[in-house]
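We count ligands from 1, going down the list as the structure has it; atoms in each ligand are counted the same way.
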Amino acid sequence: MPADGAHRRPSPGTPAGAPGDVVLVGAGPGDPDLMTVGGLRALAEADVVVTDRLVPLAALDAVRPDAQVVDVAKIPGGPSTGQDAIDALLVEHALAGRRVVRLKGGDPFVFGRGGEEAIACARAGVPVRVLPGVTSSVSGPALAGIPVTHRGLTQGFTVVSGHVPPDHPDSTVDWKAVASTGTTIVVLMGVRTLGAIAEALVGGGLDPDTPAAVVADAGLPSQRRVDGTVATIARVAADAGIGAPAVTVVGRVVEALPLEPAPVV
Ligand code: SAH
């Protein structure tokens with residue numbers, strides 16, 4: 001029996017000995033209405049669902065009662081150090097003939113490590129496919145009334161990770177170049193590093209008066225938005241007690257629309 005206690009049996013409807021597979025499903029930012037139809041179908045068909053912390057819990061309502069749900073946030077060491085363990089889990093279940101859904105927040109290929117999981121499956125000979133999801137980099141701003149592009153204001157948007165601050169040896173982002181793209185700038189995983197990032201953007205030539213907003217818990221009942229400029233946004237967010245998960249948007253689009261934030265169902 002596998003370490004996680006799953007029974008080695010094919011699911012109802014799966015012929016004995018048939019190979020399993022892995023579907024990487026994007027669960028969207030938090031509101032279960034933002035799951036895709038295909039994602040819900042895959043969930044309903046799954047024998048095993050491997051989830052993480054950022055997945056909307058209500059999405060799991062679609063899972064069959066006899067399916068096994070594994071929360072990998074609970075794997076010792078956490079999801080970042082546990083990636084090998086997660087890869088091994090997906091492969092092991094699929095090789096045992098089970099239909100596996102790897103459910104991930106947002107889109108699996110946007111800072112989601114879905115690529116690594118796809119490679120691990122392919123190496124093990126496990127069929128793997130991706131069902132893209134609604135990424136928080138676009139939907140987080142949208143749910144708070146901010147379009148990432150707007151005709152006449154910007155011809156693009158740049159999405160960057162703020163996981164490590166600009167001066168960190170592991171940072172590979174050219175923040176000076178980001179500052180001068182003329183596009184909307186969207187920062188994920190950048191709550192802790194927001195001060196350093198804003199400083200790097202202004203240091204890179206971005207007008208300190210450029211509007212900026214932080215949207216936290218997008219798509220959840222606890223959704224919040226705070227506004228400032230690139231020069232003030234770190235302080236504004238800190239004073240408001242904004243925590244992860246949150247998306248920061250920098251650019252004139254922040255002030256483009258007279259929209260109220262979308263209601264969360
Ligand atoms: N694959 C995900 C991103 C994973 S990285 C996607 O496509 O959305 C995790 C980061 O995503 C968080 O630190 C935060 O910046 C952002 N994020 C995810 N869910 C969010 C939410 N509901 N509201 C705001 N930001 C969110």
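The side-chain contact (heavy atoms from CB on, under 4.5 Å) test applied to Ala46 returns Val49, Val101, not counting sequence neighbours. Qualifying side-chain contact (heavy atoms from CB on, under 4.5 Å) partners for Val236, counting only residues two or more places apart in sequence or in other chains: Val226, Thr232. Every residue meeting the side-chain contact (heavy atoms from CB on, under 4.5 Å) condition with Leu40, not counting sequence neighbours, appears here in chain and number order: Met35, Leu43, Ala62.
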* Run the side chain to side chain contact (heavy atoms under 4.5 Å, CB included) check on Ser137 and Val247 step by step: do they pass? -> CA-CA 7 Å; Ser137 55; Val247 180; 5.5 Å; no
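Under the 3.5 Å distance criterion, with hydrogens and angles disregarded, no donor-acceptor pair is assigned to the side chains of Asp107 and Thr135. Side-chain contact, Thr154 with Thr149: no donor N or O sits under 3.5 Å from an acceptor N or O.
For ligand 1, the protein residues placed under 4.0 Å by at least one non-hydrogen atom are Pro29, Leu54, Gly105, Gly106, Asp107, Val110, Phe111, Thr135, Ser136, Leu188, Met189, Val215, Asp217, Ala218, Pro245, Ala246, Val247.
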